[in-house]
Amino acid sequence: MSKLIFERSVPGSSAFSLPEGDVPSVELQDSLQGFLRESDPPLPEVSEVEVVRHFTELSTKAFGVDSGMYPLGSCTMKYNPKINEWAARLPGIAGLHPDQPEETVQGALELMYELEQMLCEITGMNRYTLQPASGAHGEMTGASLIKAYHEQRQDFRRKKMVVPDSSHGTNPATAHMLGFELVEVRSNERGLVDVDDLCSLMSDEIAGLMLTNPNTLGLFEEEILEISKVVHEAGGLLYYDGANLNAVMGVARPGDMGFDIVHLNLHKTFGTPHGGGGPGAGPVGVKEFLVDLLPIPLVGKKDGQYCLDYDVPHSIGKVQSFYGNFGVMAKAYAYIKALGGKGIREACRHAVLNANYLRHNLSDFYEITYDRLCKHEFVASAVRQKKECGVTALDVAKRLIDYGYHPPTIYFPLIVDEGLMIEPTETETKERLDGFIEAMQEIAKEAKENPELVKEAPTNAPIRRVDEVTAARRPILKWK
Amino acid sequence: MATEIKEGLYYSDEHEWVRVDEDNANIGITDYAQHQLGDIVFVELPDLDSEFDAEESIGVIESVKAVSDMHTPVSGTVTAVNEGLDDVPESLNSNPYEEHIVVIKMSDRSELDKLMNAKEYADFCEKEE
Amino acid sequence: MAYTPNPPQVVREMLGSMGLRDINELFIDIPEELHLNRELDLGESLSELELRKKMNELARKNVSIDDCPCFLGAGAYDHYIPAVVEHVLSRSEFVTAYTPYQAELSQGVLQSIFEYQSMICSLTGMEVCNASMLDGGSSLAEACSLAVDATRRKKILAAGTINPRYLKVLHTYAHGKGIEVATIPDHDGLFDADEMIKMIDKDTAAAVIQFPNFYGFLEPEIEKIEAAVHKVKGLLIIAVDPISLGILKSPADWGADIAVGEGQSLGNPLSFGGPYLGFFAANKKLMRRVPGRLVGETKDLDGKRAFVLTLQAREQHIRREKASSNICSNEALCALAAAVYLSIVGPKGLRSIAVRCHELACYARSRLQDAGFSLYQVPFFKEFPVRLSDPLAANSALLKEGIIGGYELGDALLFAFTEKRTKKEIDKMVDVLKGVQA
């Protein structure tokens, strides 16, 4: 096990120095009397070489897309192009203070302006705010817009938000944050929104429906136009959770499907890295009739100059201190530019091809929930393995680690037992996919012949399975 | 799943049990409930002297991968909480019927009539399976 | 450029193995009328060479702080970033990893977050810190939301000297959740503590203070607020500048229940406003209510020390509509930058940086005072406002001299002084201001 950086601390070690000061020193006891801390904060004292070795060692115990295939359903772990990382670090991109005079940041504003236009084109929406810093943040912004829309129309009865039972956990959590009462719409036997059930839920209390399309089972909501009609006729708005946009971009557009509000995950669909949990970016697009509600500022253009536009009459305010995760936007911008219109569609097609190829080849060994044409992902299940050999989805996932793969998303969506949600993305070669199929086949075999081996897994990782129960019962959340 | 059900207690359909001691209702969760939850890691207890209506949520029980509201089957005022659960929440797993979670001074004893006895609860659990 | 690796004949082979001939057959589940049937109007695909040119062109249309001394602060600061930070952040195992849900494959990410949590606890004196929030403003809003949940009260009292952008974010969050926010007026750069104390009552979920405040000033009455709000069992939330904690009292020293702030200063570039790092720390009593991800220490089956995401029952993916926050993606990589930064500078380095910032600010202040500028007589850390007859004109004049001036406050400019500033730069800045004011 790696030592903690605190355990590498040697008092007196140092990796930092400032230039000689050329202004008079100050007696802190005078200038900051009553405000000074009694002792230095207990931070580690480590030399530069040891800091570098420490974090390099930690990096060898991490697994990224660059380490291997990462078929994590709903997370779109595609390859992150390196030129984009370079671009985001340019001094003219990374070295900009958000309050610099507009004339000194024309390139940054142009990038944002153009990115907004490209996102509008890809999704069929009219305007975007780039401010939300993550998908969930985008959802919160979108749900705020729904609330503001109804309030602006003096329609205060609309307190209910409809969410499918297969939804991402963020959807209900977001609706709750905005004070909406949650209503779940059932999935039908085909894994799609049950339109009859949806109809029965409609009333003048419905604020909107939050939907992912394709849904979390990787299935396209074929009745989306009917769904849109039902919700709109009841006076509600239709919200698109863009987590799965990779499955349709360039082929179909949420705006054309009838969605009024869309959030995107630039870190999923547009190739920016996930960073071990963030940062991401969650721009929110709307149809014309909602533009006046967007967060301030928007990016505008006046007399050939780009500008920050604070003139948004009924704005919901701000969701982030500045303008959003600009560094992430720069990477997504570069990604879309590199692909162009044709490349965006190709990426989508290949993502769907890869998912169907895996589904087709795994169906002999694992039950595939809703085994038919899928989009960018599908849900396999270990119910057969569990019933026959006591091997669970978790065991299969852990065994995949021994084979050198990052496991899929497991136990999600909640409506599937022993679910393994698999999303290969477009950036995997056939060879990699075949390797994954082989590993999954091998594990299915092991489950029958030597289930203990699977249940013990992983044995080939830096650590074995961890005691999550004690971690949660008696939490140790910091050093010492 | 074989679950233990004790005679002489009242049971709710949310899998809480009630042991009546004069006007006081000792409330805990059943063996069935603790099996369903798995390893319990945390119990959020209500404040003393807070008042609740029957079926209202009075706290939360967390396991590693699940969370469940804890309801009171009867109305009344919280007169005691089992503080031992702060440090050893797993005792709800090992001794579900020995470890109460709260004591509520009942404001309406007739609410007990709506609860199940051991036999009825056993049937109820069978149906839930 | 395309990042789809399978050439056409391989695609045909894959399709063929499924009994398909055309890739479009994979989209027959999408209703005909929804098919776009045209290419998206996004321009031609660019080669890497063209893309490099394009990005360079855009970048060159901006004036970078690498080329101009920058006196802007107001919530985002031009602190020095040691080379090691950028180096570690280029390790692609960190960069291209997802959230560390699979502990066995993610010990490196988990341990780095655990170290980050520990360091923020060291700085703030708090007992629990999460794996990061989206930025300073949203972290403050989430703290208020937690206070409302924990106290089951609806009223937040916010000092008027809090960063106005944070207040704006707070209002957006609060409106959604039905939280009442009262902003306490400020005079001469400090909020009216007596007024806040008057308003504190049994409906108060929390009192919120920024220290140093938005104007860089040190609020003198925190102790009184702490006593008053705790007396009614409300919470004290303090937003802090982490660099200031090299020398200034910590939120825990003031008795805060929650400490939040913007961690951009800790090794993260300015990047025109993001990605930044919201940090969020709390006392132990609030541990199970803290939003977002938390990493805990535990053991693996062999008894080896291991790290794991813990207390997940709080989070949206389990608690769904009962979760107190919907946060999912955070700013993990920015938190890693902060952990590396703090490892490099250490306690003495952080102290020296904080002292240098303060000394430079003191020097600037004395020069401005000597030059007859109107200044507030209030203790400050690294930032303070200078009243000017025409702040806009002053900034324009500074820009002409290649200096990025202060943050416009109406009748003043707010100047920030990081350790990167020099005597020479300050002298020049003061001279330009003198020229404009004259």
Side-chain angles (χ1 to χ4, degrees), chain A residues 15-16 22-23 40-43 45 55 58-59 61-66 87 90-92 94-98 104 107 133-134 136 169 172-174 176 178 182 220 252 273-280 317-318 321-322 325-327 338 340-341 343 350 429 461 463-464 466 471 476 478-479, chain C residues 1 4-5 29 34 39-40 42 45 55 58-59 61-64 66 72 88 91-93 96-97 99 104-105 107-109 118 121-122 134 137 165 168 172 176 269 271-275 296-298 300-301 306 310 316-317 320-321 323 326 328-333 345-347 349 363 423:
Chain A
F16 183 79
D22 55 5
V23 296
D40 288 343
L43 293 168
E45 297 175 71
F55 286 103
L58 291 190
S59 76
K61 293 176 184 170
F63 189 96
V65 174
D66 290 2
L90 284 170
L96 305 176
H97 190 286
T104 67
S134 72
T174 302
H176 173 74
L178 273 294
L182 196 79
F220 192 85
H274 286 67
K318 286 183 79 61
S321 302
F322 297 100
N325 284 346
F326 177 72
H350 283 242
T429 62
I463 56 162
R464 298 184 62 205
V466 302
I476 303 171
K478 64 184 175 82
W479 173 68
Chain C
M1 270 309 285
T4 39
D29 52 347
L34 287 178
E39 207 167 278
L40 288 168
L42 300 171
S45 133
M55 295 310 285
L58 276 175
K61 289 184 190 169
N62 300 316
V63 176
S64 157
D66 282 7
L72 273 169
V88 172
R91 297 288 304 189
S92 78
E93 298 88 338
T96 67
T99 303
E104 300 86 345
L105 266 187
Q107 284 301 298
V109 173
S118 304
C121 287
S122 292
L134 299 174
R165 287 182 168 119
K168 195 99 187 156
T172 307
S271 278
F272 202 47
E297 184 186 316
T298 184
D300 79 350
L301 282 173
T310 191
Q316 47 77 25
H317 64 281
R320 295 174 74 87
E321 75 271 22
N326 72 343
C328 184
S329 278
N330 56 22
E331 305 287 310
L333 203 63
V345 301
Y363 172 72
K423 176 171 180 292

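Every chain is numbered from 1, with letters handed out A, B, ... down the list of sequences.
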Closest approach of C:S122 and A:P41, non-hydrogen atoms and distance?
O-CB, 3.7 Å
Is there a side chain to side chain contact (heavy atoms under 4.5 Å, CB included) between A:N325 and C:E331? Walk through the geometry before answering.
CA-CA 10 Å; A:N325 284 346; C:E331 305 287 310; 3.4 Å; yes
If you tally heavy-atom pairs under 4.5 Å between each of A:L182, A:V466, A:T174, A:T104 and chain C, the highest tally belongs to A:T104
Can you check whether A:D66's main-chain N or O pairs, donor with acceptor, with C:T96's side chain at less than 3.5 Å?
yes
Minimum side-chain heavy-atom gap C:L333-A:P279 below 4.5 Å
yes
Give a yes or no answer on whether the side chain of C:T172 reaches the backbone of A:K318 with a donor-acceptor pair at less than 3.5 Å.
yes
Only pairs of heavy atoms separated by less than 4.5 Å count here; which of A:A15, A:P98, A:A87 has the most with chain C?
A:P98
Here the pair of heavy atoms bringing A:G275 nearest to C:A332 is O-CB, 3.5 Å
Any idea which of C:D29, C:L301, C:T298, C:V345 has the most non-hydrogen atom pairs under 4.5 angstrom with chain A?
C:D29
Less than 4.5 Å to any heavy atom of chain A: does that hold for the side chain of C:S64, its backbone, both, or neither?
both
Under a 4.5 Å cutoff for heavy-atom pairs, which residue among C:V109, C:T310, C:L34 has the most contacts with chain A?
C:L34
Using atom types as modelled and distance alone, determine if a side-chain donor or acceptor of C:S45 lies under 3.5 Å from a backbone N or O of A:A338.
yes
Considering only heavy atoms and a distance below 4.5 Å, find which of C:L42, C:L58, C:N62 pairs most often with chain A.
C:N62
Output the option from C:L134, C:T99, C:L105, C:T4 having the highest count of non-hydrogen pairs under 4.5 Å with chain A.
C:L105
Salt bridge (Lys or Arg N to Asp or Glu O under 4.0 Å) with C:D66: which residues, sequence neighbours excluded?
none
Just to verify, what does C:R165 make a salt bridge (Lys or Arg N to Asp or Glu O under 4.0 Å) with, not counting sequence neighbours?
A:D99
Report the option among A:A136, A:A461, A:S321, A:P91 that has the most heavy-atom pairs separated by less than 4.5 Å from atoms of chain C.
A:S321
Residues A:F16 and C:G349: closest non-hydrogen pair is CD2-CA, 4.0 Å
Heavy-atom pairs under 4.5 Å with chain A - which of C:E297, C:R91, C:E93 has more of them than the others?
C:E93
In terms of heavy-atom pairs under 4.5 Å, which option from A:R464, A:H350, A:H176 contacts chain C the most?
A:R464
Which bit of C:Y363 comes within less than 4.5 Å of chain A, counting heavy atoms only: side chain, backbone, both or neither?
side chain
Top contributor to chain C interface from A:A252, A:A173, A:G343 [non-hydrogen pairs under 4.5 Å]:
A:A173
Do you know which of C:E39, C:K168, C:M1 has the most heavy-atom pairs with chain A at a distance under 4.5 angstrom?
C:E39
Below 4.5 Å from any heavy atom of chain A, which atoms of C:V88 appear? Answer side chain, backbone, both or neither.
side chain
